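Just below is one structure, and these are the notes that go with it.
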Amino acid sequence: MKSPNSLFSDRRRSSSGTGSISSSFMTHSPSTSTYSSTTTSSNKSTPGKNPVKIAAKTVAEAFVSCFTPPEPKPSSNNFGDSSDSFKAPSVASDGGSEKRRSRGRSIYASESNSIHAKEAGSVKFTMGEIYKATRNFSPSLKIGQGGFGIVYKGRLEDGTVVAIKRAKNTIHDKHLGVEFQSEVRTLEKIEHLNLVKFYGFLERGEERIIVVEYVPNGTLREHLDCGPGNVLDFASRLDIGIDVGHAITYLHMYTDHPIIHRDIKSSNILLTENLRAKVADFGFARLAADTESGATHVSTQVKGTAGYLDPEYLSTYQLTEKSDVYSFGVLLVELVTGRRPIEPKREIKERITARWAMKKFTNGDAILTLDPRLERSAANSLAMEKIYELALQCLAPHRHNRPTMRKCAEILWSIRKDYKELAG
Ligand SMILES: Nc1ncnc2c1ncn2[C@@H]1O[C@H](COP(=O)(O)OP(=O)(O)OP(=O)(O)O)[C@@H](O)[C@H]1O
């Protein structure tokens with residue numbers, strides 16, 4: 001097993017609301033030119049033969065101040081203004097007059113000649129509509145920035161408020177093109193209360209844009225980073241764990257073909273005003289092996305985020321749904337401790353949070369790892385122990401020893417039931 005600290009990072013991001021920019025603590029970056037998309041479904045291990053390059057994202061996201069929801073500043077660009085107040089630049093042949101077909105959602109779909117427009121469930125936007133929705137990508141509507149590009153808050157013509165993800169230069173970064181395709185293809189196939197809703201996309205020239213549901217209350221990571229006044233209480237953390245559990249169970253079990261998210265992490269969990277969770281960012285998602293044909297895993301290059309990556313996948317390149325289960329285990333520890341999966345500034349034995357917390361748990365000292373901002377009540381302590389018991393299983397080094405996501409969700413349900421009874 002490679003240490004997460006030795007992974008590559010090809011990402012930099014700034015958090016919405018804080019404006020802070022992270023820098024990678026990883027040692028080197030992968031060359032984008034060595035990217036390989038070679039993947040196979042297999043029941044055999046092929047380590048060493050794959051031209052694999054690890055493309056892991058950084059977790060060294062330096063949120064320096066407390067979270068504030070990513071509402072654009074009130075300004076002349078706010079949505080309260082008349083939409084006549086700006087003009088969309090003219091766009092060559094994108095055809096603002098394109099008619100659109102509806103998918104039963106409050107948006108329109110294209111009937112243009114695009115191959116995507118003809119695919120079931122796909123929705124194509126024009127550049128004119130995107131300009132209009134974002135007021136020409138107004139900086140005041142910028143709500144975040146990730147490795148993929150800049151995210152804007154936008155409003156569609158029918159008033160639907162959306163998040164518009166604009167890829168940075170895909171022409172010079174093949175990864176982003178692949179990520180875009182992956183995200184669109186996955187989003188097209190899914191619909192679940194705990195997954196961000198897909199509204200459509202645009203792929204034209206160098207532009208790659210994804211339009212999804214706007215989730216107004218920031219990321220789980222931002223909430224966990226908050227100071228004493230805004231602590232996410234234990235019950236909310238439990239609810240969020242269950243929501244995420246349901247979302248991943250749906251991906252693994254209830255889509256036409258199982259989908260592996262590959263990047264489950266707290267900064268990809270968006271929260272609604274009621275603190276319900278929605279899993280986002282399907283840039284690394286991919287279809288699981290076709291078990292009906294006897295395949296047990298997919299052999300593919302390693303992608304994900306350092307600190308959340310399944311060690312077995314990391315060393316064998318064999319991807320299964322259980323890699324998401326491992327990441328979910330890391331997320332459970334994050335929910336309990338409030339810490340990031342890797343905390344480089346702490347003393348060595350505490351740097352890998354899951355390792356530290358699981359050690360304390362097995363030594364009977366779990367309480368020492370509970371987020372210091374949470375109450376040390378009987379209900380919290382008992383639920384914490386049970387969550388750690390589940391996390392320990394999710395973090396098993398070998399995938400066969402990890403529970404399914406469905407089992408995880410069931411266990412969390414029963415933990416919440418007991419928690420409610422005890423907490424009163
Ligand atoms: N649907 C959404 N609703 C509201 N805010 C969003 C939405 N999607 C993204 N954001 C905001 O934009 C930020 C960047 O999101 P994005 O999905 O682009 O990250 P990313 O490219 O996946 O970053 P990374 O790959 O480094 O994780 C998020 O942290 C969040 O604050």
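Given the structure is predicted, the values throughout are model-derived calculations rather than measurements.
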Checking the side chain of [X] only, and the main-chain atoms of [Y] only, is there a donor and an acceptor separated by less than 3.5 Å?
X	Y	result
K386	D418	no
T353	R340	yes
N274	R276	no
T255	L251	yes
R155	V161	no
N380	E375	yes
S323	L319	no
R376	L374	yes
R373	L224	yes
T249	M405	yes

Checklist entry - Would you call the rings of H192 and Y250 parallel, tilted or perpendicular, where under 30° means parallel and over 60° means perpendicular? => result tilted

Any side-chain donor paired with an acceptor under 3.5 Å for [X] and [Y]?
X	Y	result
T305	K265	yes
Y388	T369	yes
E179	S182	no
E334	S266	yes

4.5 Å side-chain heavy-atom contact, [X] and [Y]:
X	Y	result
T296	T320	no
M127	E207	yes
D263	K303	no
V151	Q145	no
F361	M384	no
R402	Q393	no
F148	F180	yes
V244	V279	yes

Between [atom1] of [X] and [atom2] of [Y], what distance do you get to the nearest 0.5 Å?
X	Y	atom1	atom2	value
L332	E389	CG	CD	12.5 Å
I130	T126	CD1	OG1	7.0 Å
L287	I260	CG	CD1	8.5 Å
I248	I264	CD1	CD1	3.5 Å
L220	S267	CG	OG	9.0 Å
Y131	S138	OH	OG	13.5 Å

Checklist entry - Going through the checks in order, is the side chain to side chain contact (heavy atoms under 4.5 Å, CB included) test met by N217 and E222? => result CA-CA 9 Å; N217 205 4; E222 288 163 334; over 6 Å; no

Next on the checklist: Using the rule given for side chain to side chain contact (heavy atoms under 4.5 Å, CB included), can you reason through Y199 versus T160, listing the C-alpha separation, both sets of side-chain angles and the distance that settles it, and then say yes or no?
Outcome noted: CA-CA 10 Å; Y199 284 119; T160 309; 3.7 Å; yes

If you look at every heavy atom in [X] and [Y], which pair is closest and at what distance?
X	Y	result
G304	L309	CA-CD2, 4.0 Å
I164	G154	CD1-CA, 4.3 Å
Y308	S327	O-OG, 2.8 Å
G307	P341	O-CB, 3.9 Å
A163	I143	CB-CD1, 4.4 Å
R237	L232	NE-O, 2.7 Å

Under 4.0 Å between a side-chain nitrogen and a carboxylate oxygen: does that hold for [X] and [Y]?
X	Y	value
E321	R399	no
E188	R185	yes
E203	R208	yes
K278	E213	yes
R221	D225	yes
D239	R416	yes

Next on the checklist: So, using side-chain hydrogen bond (donor to acceptor under 3.5 Å, both in side chains) as the criterion, who are the partners of H252 when residues are at least two apart?
Outcome noted: D324

Next on the checklist: Test of understanding: with side-chain hydrogen bond (donor to acceptor under 3.5 Å, both in side chains), list the residues that count as partners of K165, not counting sequence neighbours.
Outcome noted: E183

Checklist entry - Given the side-chain rings of Y313 and Y326, with only the six-membered ring counted for Trp, is the space between their centroids under 6.0 Å? => result no

Checklist entry - Does the gap between the ring centers of F284 and H261 come in under 6.0 Å? => result no

Item to check | Derivation and outcome, side chain to side chain contact (heavy atoms under 4.5 Å, CB included), residues L271 and I240 | outcome: CA-CA 9 Å; L271 299 181; I240 290 166; 3.9 Å; yes

Checklist entry - Cation over ring, R166 on F137, under 6.0 Å and within 45°? => result yes

Checklist entry - Stepwise, does the side chain to side chain contact (heavy atoms under 4.5 Å, CB included) test hold for D243 with I269? => result CA-CA 10 Å; D243 285 347; I269 312 297; over 6 Å; no

